[in-house]
Structures are given as structure tokens and as C-alpha cells.
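Note that the structure is predicted; figures quoted are calculated from it, not measured. Numbers restart at 1 for each chain; the letters A, B, ... are given by sequence-line order, proteins then strands.
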There are 2 protein chains.
Amino acid sequence: MSLDKRKIKILKAIISSYIDNAEAVGSRTISKKYKLGVSPATIRNEMSDLEDMGYLVQPHTSSGRIPTDKAYRYYVDDLWRKVKTTKNPNLDQLREIIEDKSNELDEIFKNSVRILSQFTKYTSFVVAPQLKQSIIKRIQLVPVSEYKVLMLIILQTNVVKQVMLILNSPIPYTQLDKISESLSEKMYGHKLEDIDKIKDNLIKELYYTKEAHSDALMELLPYLMEQIAKFEDVNVFSDGITNILELPEYNDVVKAREFISFIEDKSSVAKLLQHTSENDLDICIGSENKNLELKDCSLITATYKLNGKLIGRIGVIGPTRMDYNNVISTVKSISDAISEIINQNFSVENKE
Amino acid sequence: MSLDKRKIKILKAIISSYIDNAEAVGSRTISKKYKLGVSPATIRNEMSDLEDMGYLVQPHTSSGRIPTDKAYRYYVDDLWRKVKTTKNPNLDQLREIIEDKSNELDEIFKNSVRILSQFTKYTSFVVAPQLKQSIIKRIQLVPVSEYKVLMLIILQTNVVKQVMLILNSPIPYTQLDKISESLSEKMYGHKLEDIDKIKDNLIKELYYTKEAHSDALMELLPYLMEQIAKFEDVNVFSDGITNILELPEYNDVVKAREFISFIEDKSSVAKLLQHTSENDLDICIGSENKNLELKDCSLITATYKLNGKLIGRIGVIGPTRMDYNNVISTVKSISDAISEIINQNFSVENKE
DNA sequence: GTTAGCACTCTCTTTGATTGAGTGCTAACT
DNA sequence: AGTTAGCACTCAATCAAAGAGAGTGCTAAC
């Protein structure tokens, strides 16, 4: 028995009906709505075959059929060939919405997941690039008030992190630039994540640097290093969590609660995304997911890159009967938009 | 007929039973669990009186009674006298949790609502102070890369806002300090919200300032002003929205959805909080709320202050049968903690 | 190979009976 | 006069039985 043309037509009809209505599909429905020119009886025979082949299941003997994960996999692989070739027309529009006025990386991600969940009606999330992997370009101390100094950590990607330092005793403004220079010189080229390991050495080295040799600085150093070490490890943004309340499969509050509590746990989501393949676009259907909690969910993720290097993933999670067509192209568009935006705004400029 | 001592005891017993179980309370339950030394029959008579007085209602003839908004109002007013006098013991602990490592105002608020919803098991939110009301103390431009300059706007409260400016043509680093000085001089003392109105004047004045007279600057100015004008108007943080899924009154997914979509609309929440009284602590029970959507909810809000001036509110929203005792004291504690933290970290230092 | 017909299955909805928590009233008691 | 036991009554919630409806599988005819 093989998937002949008619079987394929019927299978696709069932899948697309089930995606729309979340209700088991009967032979009559297919025959009427998807006019294949054959009677329900014929369709019943074919459906029986499709069930034997593992593409359909019946929730109970006298009900219609619903697609299995295998069916979705077939459907998606088929879709895949078409999506790949169609170019997204509205990329510029997307860029405009996502691109943030304040040029903040986090804002770009927040916008992205917001748009993504609005467009797909599912839950979406993004893992922000691991800040700790970034390399320090320069440190700049800026006086704010007598006892407050703002430390700006300028990264190679031109992302600027700010840390407010509270002083025990004031440091004259005029010294701050010199201190900044010394700090920059010593910390240049190090990754943020390495600071914690080498901080003792750094402090020692700085101690012997003539310009920086002020009591105020020495007092400040351990505190300053500590603040850097405290930067967040992974950062996950999500949006549209409550979208799932609109779906009939989550009409049961208990189910909804379970899903939400899983998704709200950022570390589990981060793990989820780190365990996916390195593919540009990854589709994980139902039981293909390693997490048992997600056996009824599909996960569509795409990568975004900076200077050609993979730095994060953005994705959508929804029921296995999700609107793959829409989700796949939306995720792809938005991940492309993110890549473009960050490459334009945050790439390492070689001319320097 | 008046509220004698026994009626009060019975009323309180009913309220507290209903708060615990969300189920209509019968005379037998009261008689057994709250040993008042009288029989169910007597309690029935009293309950009937309390119903006549408007403190109780029966969902249907043969059910127990549930408290009305009037009952909660009585209960809360009574509680009020006691809460007022008890000092919160764990304020220091709270401060420690809320106080943010990075000294970011937004982080403080996010922590506050997180803690608040964790402690109360309800939904909580805070309106962040209106940034636009803040007065500019100083502007500092910091070079980031050849075509990027970070503009730091240092406010009187020592909050520092950063805006990344993308240049069309590079500005020599050495000029940036001078430009910063000119900008600071002209913009000092103005409120952020006024910048938009007076920007034309500012630009003109800066044009005639000798030090700042560089083409690069002139090109930058309109762009820079525009960025400032774009700062957000109100900022609402919320947390624990999905806590309501745990409550029996929201076992109905439709109800839950309605509640959530109301709360997720930041502007409606902002409006809600701005319409409450100026009281330090405000309690709005059920139909006392102006929003029809919240007729089954109670809203407990408290103010926080900077330099004695009210700058925002934080609050909890939950069902009318909420645990007022816990919520009131928690909201109060946390608002106090916020006040302390921001007064310590963000108050205008007079010595400067 | 396709289809009409029909018996069969199983869920969903409706209906009716039963249960149980709780009330209100009355009459007796303190 | 206030309190209480007793009892009839009410109504939501639960459960079982019946009926409807959607859909299947099989058979026999086209």
C-alpha cells in the first residue's frame, strides 16, 4: 500500500479541516467540502488505509479521524518545499515594526515576540544572545552625582550595558576619565563571562597601574567586578502565553495551567531551544519533542545570526494541529528581520 | 435591627469561611466550625436578619449565604483599624529582595510586582513614575563606535536614560565633551515632556553657541530631540496574571479570558490606577469599582513616594472574596519598601 | 474500482429520578 | 423573650437511562 495521489489529497483535506476546526473529520465532510468527486464510502475505504499506514487515528470507533504526528510530519515536509522558495514580501514592513526607536537589543526582541504571537495567535519566545559571550571593547565611567558613578560597558557589538555604582567616598570627576582608560586597557578583549575568573589578576594589575592608583578606585574594583559577574546568563522573552486560552484544546483549565506553568519557566524554555538542531529552521512535531509536557505541541524555531554566527533562536509553540503554513513563514520572516536589524545595528565594525 | 456582637461574629465567620472556600456558607458549618455556642437554628435566624440588612445574599433559596460587597466593606473597615497599627516586621527582608543589583528603576518595579503576586497569589501591578515629569540634570555623549554615539540623559533623580544615536558622519571624539556641555547647559532644568515644545528654540539657541557649532551637531539635533520626545508616557508592570487560573471563580475559561484581556491592556490598568483616590492605601470592593468588568473584583492599591511626593501606585487585583488581611498588609509593606528604596537611591541630592 | 444501503458503535444531549445541603417556620423549651 | 429541635420544603448537583446524531465497516450491487 502506498500514498497514491488520491490518498494524499484526502490526507491533506483531513489535516486542513482538523487544523481549522479541531474536530475529528468524517468521510461525509471531506466528500462535501473538498469535492474530490468520490462518495463518502470511497473516502471511508481510503481513510481506513490511511489509518493502517499510521497517518490517522480514531479517538473512538464511531468518530471521524484525526491526523497523527506522522501525518503532520508528512504535511509539513510537503509544505516545506514550497515555503522554501517563496520569498517574504513584507520583510521591510516587519523590520520597521520590530526595529526599536531606542536601539535597545532587548526591545527588539520584545517587539519580535509580540508581533510573532500576534500574527500566529500562538505563544512565541526568543532566547536573547548570551551577553556573557560578548567581548568588552571599552569601559567608561560617567559621573552622575557625588556618590554615584555610572559604569558603561561597551561591547564589541556596540551594545552598551550600564551599571550604577554607589560610592562610599566621592571620586573627583577629573579622575574618572583616567580610571576609565585604565579599566578599558586591562579589560579590553575579555569576554564578560571570563571576568569573574580573572578578576583577582585584573585587580592586582590595576593596583600597579600608576594612573589608576587612587584609594577610591581600589575600593571600587571588587564591587565593580562583582556587578559584571552578576549579568544574567540566558534571557528568554515570551509573549502571547494567554493566546492558548482561545484554543479549544485548552478549554480545560487544568491543561491550560500545566502548559502555562511550563512555558513560564524560562529555564525550561531556554533548555528546549538549546536542544534543537542547528538548522536554520527547525520543526518539532508532537512526540518528536523530548519534553513529555509538549507531546501535544509543535515547536517551530528559526535562528538569527550576527556576522554569520548563530547567536539565538526565536520560535512559536502551539498545538500539533497548528497552522503550519502561516507559522513557518512568519517565524522565518521575523527571524530574518531580526538578523537584518542586528547585523545593521550591532555588528562589529571592522573599520575601527 | 442593628449589628449586635453576635451578628458581627457570625458575619465575620461567614466571610472568613467564604474567603477560604469560595462556597456558600450554611448555618451548620458556622455552628460547628466557629463554635459560637448557639445552635444552627439560631444562626439561621441571625443570618436571615443579616440578609435583610444587606450583608448576605443567597444564590438560591436552598443554599447557604455568601457575603455582599457591603459585608466585605464592613469587614475591611474593621480590619483596617488593626492593620494600621501593626508595623510590618519584615520590611528589611522585603527591601533586600526588591532592591535591584543593577540599580535600575524598572527592575525594582518588576521585582516588586513579582514578589507581590507571589505573596498574595493574585494579580499585581504597578504604574511606574512618569518619566516625562522628570527634570534633566545633564546630558553626556559617549562615543561607542565611529558612527554611534550614546546619549546619556541624567535626570535630577539620578536615573540615567540612554539613547543610541546613529550618525551620518563621524564626530571627532574630542568634540563630544564640548557638545555635551552645551547640550547640558541648554537643557538643564527642563522637564522631559517639555522638550518637544521648546525644541525649536533650543535648536536655535544651540546654533548660536560657539562651542557647539559643528555641522555634525546641527545635523544631530532634531534627531536627538525627537528621540527624547519619544520616551514612553506611562509604564505599567504586572505579574501573576495567570494566578487567577488557580481560583475556582475562574474555572470557566471564558471568564478567565475576559479578566486577562482586561488586565493585559496596560492603558486600562493605568487609567484604573489614576482614577483611585489619593489615599495612601485605597481599597475598592466589587461594585465600588467604576469598571463594570471588575464588579466581582477588589482592588487594593498603595502609593509610593519620592521626596514626599506621590509618584505612583502599586496594587493587587483579585476576587472580592480575597484574603484582605494578607493582601492589605503585603501591599502596604511593599509600597513602603519601594518608597524607601527609591528615596535612598533616586532622591534629589541637595548637597550638589 | 466505486457506491448505495444498512446495521452497528459510541459520544453527546436530554430527561427524570434521587440525593443532600440548607432553609424557614412552628412549637416546645428555658 | 430568646433559643432550639423538628420537619416540610427547595433547589443545585449527581447519576442513570433514553434518544439523537455522526460516523464507521461491511456487503452486495453497479
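- Of all nucleotides listed (C/dT3, C/dT23, D/dG23), C/dT23 comes nearest to the side chain of B/Gln58.
- Whole-Å rounding puts the B/Asp52 CG to C/dT23 C1' distance at 14 Å.
- Between C/dG24 and B/Arg65, a contact under 4.0 Å exists linking OP1 or OP2 to a side-chain N or O.
- Using a 4.0 Å cut-off between a side-chain N of Lys or Arg and a carboxylate O of Asp or Glu, B/Lys332 and B/Asp336 qualify as a salt bridge.
- Between B/Arg73 and B/Asp77 there is a salt bridge, with a side-chain nitrogen of the basic residue lying less than 4.0 Å from a carboxylate oxygen of the acidic one.
- B/Thr61 comes within 4.0 angstrom of sugar-phosphate atoms only, judged by non-hydrogen atoms across all strands, and of no base.
- A donor and an acceptor atom never sit less than 3.5 Å apart when one is taken from the side chain of B/Ser39 and the other from the base of D/dT4.
- An OP1 or OP2 oxygen of C/dC10 is reached within less than 4.0 angstrom by no side-chain nitrogen or oxygen of A/Ser63.
- Rounded to whole Å, the distance from NZ on A/Lys7 to P on C/dG1 is 10 Å.
- Distance, A/Arg28 CZ to C/dA4 P: 12 Å, rounded to whole Å.
- Considering only the side chain of B/Glu51, C/dG24 comes nearest among D/dG25, C/dG24, C/dT2.
- Side chain A/Arg44 to base D/dG25: a donor-acceptor pair is found below 3.5 Å.
- A salt bridge links A/Glu51 and A/Arg65; the closest N-O separation between the charged side-chain nitrogens and carboxylate oxygens is under 4.0 Å.
- For B/His60, counting side-chain heavy atoms from C-beta on, the closest listed nucleotide (D/dC11, C/dG24, D/dT24) is D/dC11.
- Separating the CD1 atom of A/Ile14 from the C1' atom of D/dT24 is a distance of 13 Å, rounded to the nearest angstrom.
- Across all strands shown, D/dA28 pairs with C/dT3; the Watson-Crick or G-U wobble distances both stay below 3.5 Å.
- Look at C/dT14: its Watson-Crick or wobble partner, with both distances under 3.5 angstrom, is D/dA17.
- When rounded to the nearest whole Å, the span between CD of B/Glu23 and P of C/dA21 equals 12 Å.
- Taking atom CG of B/Asp4 as the reference point, atom P of D/dA1 lies 17 Å away to the nearest angstrom.
- Atom CG in A/Asn45 sits about 16 Å away from atom P in C/dG5, given to the nearest Å.
- Atom CG in A/Leu36 sits about 11 Å away from atom P in C/dT3, given to the nearest Å.
- Looking at which nucleotide of DNA chain D each of B/Val38 and B/Pro59 is closest to, the 5′-most match is held by B/Val38.
- With hydrogens and angles ignored, a donor-acceptor pair under 3.5 angstrom links the side chain of A/Ser62 to the base of C/dT9.
- In this structure, the side chain of A/Ser31 does not engage the main chain of A/Ser27 through any donor-acceptor pair within 3.5 Å.
- For the OP1/OP2 pair of D/dT24 and a distance below 4.0 Å, the side-chain nitrogens and oxygens of A/Ser27 include at least one atom meeting the criterion.
- Here B/Asp78 pairs with B/Lys12 in a salt bridge; the nearest charged N to carboxylate O distance falls below 4.0 Å.
- Without hydrogens or angle criteria, B/Tyr250 side chain to B/Pro319 main chain gives no donor-acceptor distance under 3.5 Å.
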